[in-house]
Amino acid sequence: MKPLVITAALVGAETTREHNPNLPLTPQEIAAAAAEACAAGASLIHLHVRDTDGRPTQSRQVFAETIALIRERCEAIIQVSTGGAVGTPASERLAPVTLGPEMATLTCGTVNFGDDVFHNPLPLIIEFARAMQEHGVRPEVEVFDSGAVATAARLVEMGLLEPPLHFDLVMGVPGGVPPTAQHLMCLVQSLPDGSTWTVAGIGRHELPLGTLAIVLGGHVRVGFEDNVFYSRGVLAESNAQLVARIARLARELGRPVATPDQAREMLRIPVAKRGGVV
Ligand code: KMH
Ligand code: ZN
């Protein structure tokens with residue numbers, strides 16, 4: 001089996017210190033958390049940043065500062081979020097893409113998100129995909145519900161996404177695809193041939209879905225963006241603790257853990273792009 005890419009979603013936009021007091025917030029804290037997660041086996045950092053009050057921001061400057069600090073400490077692929085927080089104005093969401101990072105998220109559909117709506121209408125998806133092409137950024141297609149797979153295929157037909165695609169199957173957001181094994185199989189079977197995929201199970205679904213992905217040949221995302229608990233009622237001490245468990249499970253199940261450069265090769269990111277921000 002191919003080496004396992006472990007993504008660390010360290011911060012997110014919705015998680016707060018009330019959910020877990022160990023949540024990294026400042027660029028320095030995020031870089032330290034990234035370094036620890038990489039040492040534990042992460043080869044991809046899914047990056048959100050916060051302002052000085054700890055609120056989610058899409059500030060180009062804060063992303064640049066955080067990416068530079070991470071770069072000093074680890075070699076992982078850095079993937080910036082274009083999702084931001086629910087309600088982040090569309091005009092702000094693309095800002096970190098203009099830094100020319102190695103990777104960015106591209107959510108391919110609007111979805112109910114708890115009591116809110118995460119807006120991703122088709123014209124916005126097209127605009128974001130074009131910007132990623134212009135800046136040489138490899139998209140990760142975010143799938144919160146099954147229709148997003150069909151939309152991504154449509155973007156391939158329009159010449160806006162280049163196959164093979166890489167998908168992140170985010171399962172268990174209230175309003176999105178349910179976090180069951182059946183739904184995972186259904187999504188995986190619906191992906192275009194040659195695609196790679198990661199699963200991000202929300203909350204208590206992170207571990208079982210991650211384990212299934214290890215066995216099925218997919219990849220795994222963990223971290224405080226998706227889940228703040230280590231086990232029922234026990235908060236995780238760090239993002240690295242969650243990464244280390246997946247790395248351990250992978251080795252037990254006979255799956256090696258990818259280095260950052262192996263992850264680049266599998267996700268088709270030119271090694272020359274390493275270093276990210278241009
Ligand atoms: N915070 C969510 C509303 C992404 O990073 O691209 C969207 C999100 C997806 O986190
Ligand atoms: Zn995110």
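First listed ligand is number 1; within each ligand, the first listed atom is number 1. Note that the coordinates shown come from a computational prediction; the quantities given were computed from them, not determined experimentally.
- Put simply, the side chain of Gln58 gets close to the backbone of Ser81: a donor and an acceptor are under 3.5 Å apart.
- Regarding atom 4 (C) of ligand 1, its nearest protein heavy-atom neighbour is Ser81 OG, 3.3 Å.
- Panel note: side chain Arg245, backbone Tyr230; a donor-acceptor pair is recorded below 3.5 Å.
- Between the Thr66 side chain and the Val62 main chain, a donor and an acceptor come within less than 3.5 Å of each other.
- Near Glu14, with a cut-off below 4.0 Å to any heavy atom, the atoms of ligand 1 are 1 (N), 2 (C), 3 (C).
- Phe118 CZ, 3.5 Å is the protein heavy atom nearest to atom 7 (C) of ligand 1.
- Membership of the apolar cluster around Ile202 extends to Val86, Val111, Phe113, Phe118, Phe144, Val170, Val173, as traced through chained side-chain contacts below 4.5 Å between ILVMFWY residues.
- Residues in residues 168-180 take part in these side-chain hydrogen bond (donor to acceptor under 3.5 Å, both in side chains) pairs, two or more places apart or across chains: Asp168-Arg221, Thr180-His183.
- Side chain of Asn22 to backbone of Ala236: a donor-acceptor contact under 3.5 angstrom is found.
- Geometrically, ligand 1 and His48 share a nitrogen or oxygen pair separated by less than 3.5 Å.
- Side-chain atoms of Thr98 come within 3.5 Å of backbone atoms of Ala95 as a donor-acceptor pair (strictly under, hydrogens ignored).
- Evaluation of the side-chain hydrogen bond (donor to acceptor under 3.5 Å, both in side chains) test over residues 130-139, restricted to residues two or more places apart or in two chains, returns none.
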CA sep, side-chain torsions, deciding dist, call: Ile78, Met103, side-chain contact (heavy atoms from CB on, under 4.5 Å): CA-CA 6 Å; Ile78 298 178; Met103 218 177 186; over 6 Å; no
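- Polar contact with ligand 1: absent for Phe113 (N/O pair, distance under 3.5 Å).
- Shortest contact from atom 2 (C) of ligand 1 to any protein heavy atom: Gly84 O, 3.6 Å.
- Contact check on Arg17 versus Glu29 returns a salt bridge, with a Lys/Arg side-chain nitrogen under 4.0 Å from an Asp/Glu carboxylate oxygen.
- For ligand 1, the atoms sitting less than 4.0 Å from at least one non-hydrogen atom of His46 are 4 (C), 5 (O), numbered in the order shown with element in parentheses.
- Here the protein contributes His46 NE2, His48 NE2, Glu225 OE2 as N, O or S atoms under 2.8 Å from the Zn ion (ligand 2).
- Summary of contacts: the protein heavy atom closest to atom 6 (O) of ligand 1 is Thr105 OG1, 2.6 Å.
- Of the protein's heavy atoms, Glu225 OE2, 2.9 Å lies nearest to atom 10 (O) of ligand 1.
- A donor-acceptor pair is defined here as one N or O able to donate and one able to accept, closer than 3.5 Å; no such pair exists between the side chain of Arg60 and the backbone of Phe63.
- Within the 4.0 Å heavy-atom criterion, both parts of Val86, backbone and side chain, lie near ligand 1.
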